[in-house]
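In what follows, residues are counted from 1 in the order of the sequence shown.
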Amino acid sequence: MININNLRNLCHDKNIAITKHAKNRLTERGITVSDIQSAIQTGEIIKQYEDDKPFPSCLLLGLTECYKYIHVVAGIDDGYLYIITAYYPDENEWEADLKTRKGHLS
């Protein structure tokens with residue numbers, strides 16, 4: 001299981017790895033690395049993906065530098081923080097708390 005403190009400890013430019021696909025999505029969505037760092041520093045893990053490959057990941061909810069709520073999917077391996085994706089939660093898909101997907105009990 002990923003611990004939020006582990007994410008925060010690795011949340012520095014030299015430790016962050018972002019795939020080309022993720023970079024493209026972040027650009028499309030207007031999300032910066034600074035926004036992701038802010039979200040990790042202010043956020044909380046809302047779902048664990050322990051069976052993800054090649055390493056476990058998690059979904060967290062945090063705030064960007066401009067205080068907008070954002071979801072970040074990230075994993076940790078070998079001292080790196082891997083950003084898988086990040087997006088602004090859609091109110092049509094998420095409950096008001098932005099932690100629970102509509103139609104799901106957990």
Side-chain angles (χ1 to χ4, degrees):
M1 235 164 100
I2 297 176
N3 177 300
I4 191 68
N5 290 324
N6 292 343
L7 289 174
R8 289 178 179 151
N9 289 336
L10 289 172
C11 193
H12 304 285
D13 290 339
K14 66 180 178 154
N15 298 337
I16 296 175
I18 303 174
T19 66
K20 182 178 178 183
H21 173 79
K23 282 181 187 178
N24 290 339
R25 293 293 172 263
L26 297 177
T27 300
E28 288 171 4
R29 296 170 181 153
I31 298 170
T32 66
V33 172
S34 294
D35 287 330
I36 290 170
Q37 290 172 309
S38 176
I40 291 170
Q41 296 301 334
T42 63
E44 64 179 293
I45 295 173
I46 59 174
K47 185 155 180 72
Q48 296 276 351
Y49 303 111
E50 296 176 20
D51 296 330
D52 266 6
K53 302 291 182 212
F55 43 83
S57 65
C58 64
L59 172 64
L60 67 91
L61 172 66
L63 292 169
T64 66
E65 291 184 311
C66 296
Y67 304 103
K68 289 180 72 173
Y69 284 103
I70 190 173
H71 282 166
V72 176
V73 180
I76 297 174
D77 187 46
D78 295 330
Y80 286 92
L81 172 61
Y82 290 91
I83 305 305
I84 298 163
T85 195
Y87 56 90
Y88 296 106
D90 184 332
E91 63 186 33
N92 294 316
E93 295 180 28
W94 294 88
E95 297 292 345
D97 65 1
L98 302 177
K99 298 177 188 179
T100 308
R101 193 176 285 275
K102 288 185 176 179
H104 288 76
L105 298 176
S106 59

Checking Asn24 against Thr27: is there a side-chain donor and acceptor pair closer than 3.5 Å?
no

Do Leu10 and Ile4 belong together in a cluster built from hydrophobic side chains that touch within less than 4.5 Å?
yes

Quick check for you: to the nearest 0.5 Å, what is the distance between Gln41 atom CD and Gln37 atom CD?
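Interatomic distance, Gln41 CD to Gln37 CD, rounded to 0.5 Å: 8.0 Å.
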
Counting only heavy atoms from other residues, nucleotides and ligands, does the tally under 6.0 Å from CG of Asp78 exceed 12?
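Result for CG/Asp78: open.
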
Ile36, Ile2: one ILVMFWY side-chain cluster at the under-4.5 Å cut-off?
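Linked, Ile36 and Ile2 end up in one cluster.
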
Any sub-3.5 Å donor-acceptor pair from Asn9's side-chain atoms to Asn5's backbone N or O?
yes

Listed once per pair and sorted, the side chain to side chain donor-acceptor pair (under 3.5 Å) pairs that draw on residues 54-70, sequence neighbours left out
Asp52-Ser57

Pairing residues for Tyr87 by the ring-ring contact (aromatic ring centres under 6.0 Å, His included) criterion, not counting sequence neighbours:
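Applying ring-ring contact (aromatic ring centres under 6.0 Å, His included) to Tyr87 gives His71.
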
Rounding to 0.5 Å, atoms CD (Gln48) and CG (Leu59) come to a distance of 10.0 Å

To the nearest 0.5 Å, what is the distance between CD1 (Ile31) and NZ (Lys23)?
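So the gap between those two atoms works out to 15.0 Å.
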
Is the shortest heavy-atom distance from the side chain of Tyr82 to the side chain of Thr19 under 4.5 Å?
no

Within one Ile-Leu-Val-Met-Phe-Trp-Tyr cluster: Leu98 and Tyr49, side-chain cutoff 4.5 Å:
yes

Report the C-alpha separation of Ile45 and Leu7 in whole Å, then their side-chain angles, then the decisive distance to 0.1 Å, and conclude whether the side chain to side chain contact (heavy atoms under 4.5 Å, CB included) test is met.
CA-CA 10 Å; Ile45 295 173; Leu7 289 174; 4.0 Å; yes

Taking salt bridge (Lys or Arg N to Asp or Glu O under 4.0 Å) as the criterion, tell me which of Glu93, Glu95, Glu91 meets it with Arg101.
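For Arg101, the salt bridge (Lys or Arg N to Asp or Glu O under 4.0 Å) test succeeds with only one of Glu93, Glu95, Glu91, which is Glu93.
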
Shortest non-hydrogen contact from Ile84 toward Gly75
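Smallest interatomic distance, heavy atoms only, reads CD1-N, 4.3 Å.
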
Does atom CG (Asp51) have a neighbourhood of more than 12 heavy atoms from anything else shown, all under 6.0 Å?
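It does not: Asp51 CG has 12 such atoms or fewer within range.
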
Go through it in stages, so that I can follow the logic: the residues are Asp35 and Thr32, the test is side-chain hydrogen bond (donor to acceptor under 3.5 Å, both in side chains), and I'd like the CA-CA distance, side-chain angles, deciding distance and then a yes or no.
CA-CA 5 Å; Asp35 287 330; Thr32 66; 3.2 Å; yes

Check the hydrophobic clustering (I, L, V, M, F, W, Y; side-chain heavy atoms under 4.5 Å; chains of links allowed) and say if Ile83 and Leu61 are grouped together.
no

Euclidean distance, Leu81 CG relative to Ile18 CD1, rounded to 0.5 Å:
8.5 Å

Do Asp97 and Ile46 have side chains that approach each other closer than 4.5 Å (heavy atoms only, starting at C-beta)?
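SC-SC contact between Asp97 and Ile46 ruled out.
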
Check for me, please, whether Leu63 and Ile70 land in the same ILVMFWY cluster - side-chain distances under 4.5 Å, paths through other members count.
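No, Leu63 does not connect to Ile70 through the hydrophobic network.
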
ring-ring contact (aromatic ring centres under 6.0 Å, His included) against Tyr80, all qualifying residues, sequence neighbours excluded
none

For the residue pair Ala86 and Val72, what are the closest heavy atoms and their distance?
CB-CG2, 4.1 Å

What distance do Arg8 atom CZ and Thr42 atom OG1 have between them, rounded to the nearest 0.5 Å?
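These two atoms lie 7.5 Å from each other.
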
